[in-house]
There are 2 protein chains.
Amino acid sequence: MIDARLITLRVFARCGTIGATAELTGYSPSAVSAQLRELQRMLGMQLLTKDGRGVRLTATGRFLVAGSDTLIAEWESLRAAAMEAGDQVQSHFGLGGFSTAAAQLLAPLAATLRSTRPLLEVQVLEANPARCFDLLVAERIDLAVIVAMQSDTYGEDDPRFEQTVLLDDPLDVIIPADHPLASRQTVTLEELASEPWITEAAGSTYHALFTAAFTAVGVTPRIAHEAVEWETQIAFVGAGLGVGLLPRLAPLHNAENVVRLRITGKGKPARRIVAAVRRGSIASPLIQESLGILQVRANRILAARPEDDL
Amino acid sequence: MIDARLITLRVFARCGTIGATAELTGYSPSAVSAQLRELQRMLGMQLLTKDGRGVRLTATGRFLVAGSDTLIAEWESLRAAAMEAGDQVQSHFGLGGFSTAAAQLLAPLAATLRSTRPLLEVQVLEANPARCFDLLVAERIDLAVIVAMQSDTYGEDDPRFEQTVLLDDPLDVIIPADHPLASRQTVTLEELASEPWITEAAGSTYHALFTAAFTAVGVTPRIAHEAVEWETQIAFVGAGLGVGLLPRLAPLHNAENVVRLRITGKGKPARRIVAAVRRGSIASPLIQESLGILQVRANRILAARPEDDL
DNA sequence: ATAACCGTGCACAATAGGTGCATGATCGAT
DNA sequence: ATCGATCATGCACCTATTGTGCACGGTTAT
């Protein structure tokens with residue numbers, strides 16, 4: 001409803017480059033360039049300036065983007081209210097989330113919606129949290145399940161989004177089965193301070209969680225190896241190369257030589273899993289139903305855990 | 001910026017028929033029909049229902065239209081603020097107004113703007129007040145100079161518009177030069193109660209003013225003739241067919257056998273001339289400048305009058 | 001210097017969106 | 001009841017907006 005060109009501008013405000021905007025919106029770079037040029041022409045405003053080999057927003061451009069937050073939210077709110085009031089059905093629904101969430105939360109959600117609303121076209125996009133927010137801005141998806149990051153550029157009070165906490169997913173330790181501590185039920189991070197650790201690449205989504213967990217208990221871990229996928233990390237641990245942190249929701253399957261231990265002590269690291277939608281859209285019946293389904297699913301996961309994990 | 005389809009829906013909400021909407025927006029009826037169908041498809045809402053040989057808004061449709069008022073205002077406000085902040089220039093500016101206003105107020109405004117902002121494309125549309133509001137909604141014009149009507153469907157608090165009083169234009173009496181009262185300076189409506197009156201067709205813009213003037217003094221005039229143009233009315237009076245009311249701003253030129261008299265007494269009818277813009281757009285530099293020019297012009301007109309007319 | 005990157009202009013293609021006319025449906029008047 | 005007027009809509013056709021792919025020029029880093 002809001003002109004696509006303005007949406008594109010908003011995405012550009014996030015990305016900073018035409019190319020990235022094109023990739024995110026699904027257009028070609030030429031199209032993005034043309035759209036922004038047309039937007040400036042029709043508004044009679046100069047929104048972009050050359051900056052080195054790229055372009056950047058002018059003050060007017062930043063002003064417009066900032067102000068458009070409430071405009072978008074207002075529209076989402078209006079649409080949601082109209083859907084609510086008219087008891088109407090949506091035809092398309094885009095979901096986004098990271099791998100574990102997609103498997104444990106989004107897949108059941110999509111399945112449920114497919115049965116309760118047969119003529120609703122549900123599309124799931126697997127993407128990391130940062131990209132999920134971008135996809136929300138770009139209106140490629142309508143709801144995202146992501147890991148809340150304290151160091152995230154998207155604060156809880158970002159005027160573009162509304163976030164709902166689904167559950168806290170504690171981090172476990174995985175150690176080789178032949179490790180001296182393998183027979184323990186629980187362990188503290190301090191006890192593992194001197195171990196060689198396996199983590200994800202610095203700058204990745206979960207590396208921040210890893211460091212946060214250790215800074216909380218005042219320990220500086222020695223990072224021996226880096227992996228990208230959980231599976232790889234688990235395999236490394238199984239090979240005796242070190243120990244690692246694994247979210248409770250990430251399945252261990254039947255990995256050889258790997259044991260999973262609960263963490264105790266004051267650290268008790270966890271990742272917070274939240275659902276995010278565009279601000280204003282939260283009143284939509286479909287969003288409400290989806291959040292309900294996710295919440296039920298989350299509660300079921302929590303209920304399946306021993307009581308000491310709350 | 002707001003999708004043209006929503007604007008069309010808003011116009012339809014005013015008109016009630018596809019044909020009238022087409023006429024007002026400048027589209028063909030087929031295009032309007034297609035637009036509204038597309039709008040419903042893309043929103044997944046049923047906005048229209050068949051009603052006899054026409055269509056009407058559903059509850060959802062009315063809800064959406066009502067809610068869109070603030071959305072439009074928000075956008076206008078944002079655009080105005082961005083123009084203000086960035087000191088940018090607009091490329092097109094649409095003005096609307098009725099004949100007298102167009103001649104006395106809009107023409108000077110357009111001329112001034114043409115000199116102060118050479119590359120601004122100014123377009124003036126002559127239209128009656130009701131149509132001016134429609135044209136504002138349809139975004140065909142950006143500023144209208146109209147006669148405020150108490151019985152108007154557009155109240156001063158309509159969420160779609162913001163109105164600024166420019167001046168009160170008193171109504172004079174015009175009578176044949178050979179009339180017994182022709183030598184008088186002033187006259188009261190009561191003195192003319194028994195005269196045959198010449199007015200505009202019932203339902204026209206100014207007929208309401210006419211009746212309001214007489215109901216204010218408790219007199220029921222006898223309507224002898226009806227005219228459409230001021231010129232015609234003046235000619236009728238000159239021919240001795242009766243007397244009439246003429247706004248001060250409407251020129252008498254050098255009409256034969258017609259005398260213009262001020263009205264005294266508690267009636268003192270006047271028409272209030274106001275400038276109207278879409279809500280939110282009033283902060284725009286161009287609108288601000290235009291309102292200033294109009295106000296100056298209005299004050300000059302007031303200053304040129306004898307002091308007893310204030 | 002050279003390579004990599006970024007944005008933009010251009011030729012071309014796809015498609016959204018327009019018009020005009022014919023059609024069907026409804027309502028009012030004769 | 002018939003006829004004409006009024007309205008919305010579907011269809012064929014056309015226009016022009018809008019997208020793509022590629023080449024090019026400018027800028028930065030190696």
Side-chain angles (χ1 to χ4, degrees), chain A residues 1-58 60-62 64-65 91-92 134 138-140 203, chain B residues 1-58 60-62 64-65 91-92 134 138-140 203:
Chain A
M1 182 52 43
I2 311 292
D3 194 302
R5 289 169 262 262
L6 184 59
I7 307 299
T8 303
L9 182 73
R10 288 165 57 79
V11 175
F12 174 83
R14 283 275 323 135
C15 305
T17 79
I18 301 280
T21 307
E23 191 278 329
L24 207 59
T25 54
Y27 290 118
S28 68
S30 317
V32 172
S33 180
Q35 278 193 13
L36 296 180
R37 181 153 25 94
E38 172 63 12
L39 181 66
Q40 295 180 87
R41 197 199 58 77
M42 71 188 289
L43 292 180
M45 304 181 194
Q46 188 176 349
L47 303 172
L48 302 174
T49 317
K50 282 186 198 274
D51 182 34
R53 57 184 162 187
V55 291
R56 64 176 162 78
L57 288 177
T58 64
T60 313
R62 280 191 299 275
L64 191 66
V65 168
S91 67
H92 185 267
D134 289 344
E139 305 200 345
R140 294 274 298 275
Chain B
M1 184 49 42
I2 309 294
D3 194 301
R5 289 170 263 262
L6 183 60
I7 306 299
T8 303
L9 182 73
R10 287 165 58 80
V11 175
F12 174 84
R14 283 276 324 133
C15 306
T17 79
I18 300 280
T21 307
E23 191 279 329
L24 207 59
T25 52
Y27 292 118
S28 68
S30 317
V32 172
S33 179
Q35 278 191 13
L36 296 179
R37 180 153 27 92
E38 172 63 13
L39 183 66
Q40 295 179 87
R41 196 198 58 77
M42 73 188 286
L43 292 180
M45 305 182 193
Q46 188 174 352
L47 303 172
L48 302 174
T49 319
K50 282 186 196 272
D51 181 35
R53 57 185 159 185
V55 292
R56 65 176 161 78
L57 288 176
T58 64
T60 312
R62 279 190 301 275
L64 191 65
V65 169
S91 67
H92 185 268
D134 288 344
E139 305 200 344
R140 294 274 298 275

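Per chain, numbering begins at 1; letters A, B, ... match sequence-line order. Nothing here was measured: the structure is a model prediction, and the numbers come from that model.
Between Leu48(A) atom CG and dG7(C) atom P the separation is 10 Å, expressed in whole Å. In this structure, Arg41(B) atom CZ and dG10(D) atom C1' are separated by 17 Å, rounded to whole Å. When rounded to the nearest whole Å, the span between CZ of Phe12(B) and C1' of dT9(D) equals 13 Å. Summarising the geometry, the separation between CZ on Arg56(B) and C1' on dT26(C) is reported as 15 Å, rounded to the nearest angstrom. Rounded to an integer number of Å, the gap from CD of Glu38(A) to P of dA16(D) is 15 Å. Whole-Å rounding puts the Arg37(B) CZ to dG18(C) P distance at 12 Å. As a whole-Å value, the separation of Leu39(B) CG from dA16(C) P is 16 Å. Rounded to whole Å, the distance from CG on Leu36(B) to C1' on dG10(D) is 15 Å.
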- Message: For a quick check, with a 4.0 angstrom heavy-atom cut-off, what is the B/S/- contact string for nucleotides 25-30 of chain D, read 5' to 3'?
- Response: -BBB--
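In this structure, Arg140(B) CZ and Ile7(B) CD1 are separated by 13.5 Å, a value rounded to the nearest 0.5 Å. Here CZ of Phe12(B) is found 10.0 Å from CG of Leu47(B). Values are rounded to the nearest 0.5 Å.
In this model, the phosphate group of dA16(C) is not approached by any side-chain N or O of Gln35(B) to a distance below 4.0 Å at OP1 or OP2.
Under a 3.5 Å cut-off, the side chain of Ser33(B) and the backbone N or O of Pro29(B) do not form any donor-acceptor pair.
Of the candidate nucleotides dT8(C), dG17(C), dT19(C), dT8(C) has the atom nearest to the side chain of Ser33(A). Comparing dA8(D), dT19(C), dT18(D) against the side chain of Ile18(B) picks out dA8(D) as the nearest. Taking only side-chain atoms of Ala31(A), from C-beta outward, the nucleotide of dT9(D), dT8(C), dT20(D) with the closest atom is dT20(D).
Along DNA chain C, the nucleotide closest to Ser30(A) and the one closest to Pro29(B) are compared, and the more 5′ of them pairs with Ser30(A). Where Tyr27(A) and Thr17(B) meet DNA chain D, the nucleotide closest to each residue was compared, and Thr17(B) sits on the side nearer the 5' end.
Closest approach of Leu36(A) and Arg5(A) over heavy atoms only: CD2-O, 4.4 Å. Residues Ser28(A) and Ala22(A) come closest through the heavy atom pair C-CB, 3.6 Å.
Arg5(A) comes within 4.0 angstrom of the backbone, heavy atoms only, and of no base.
Using modelled atom types and a 3.5 Å distance limit, the side chains of Thr58(B) and Gln46(B) yield no donor-acceptor pair.
Side chains of Gln35(A) and Glu38(A) form no contact here, defined as non-hydrogen atoms less than 4.5 Å apart.
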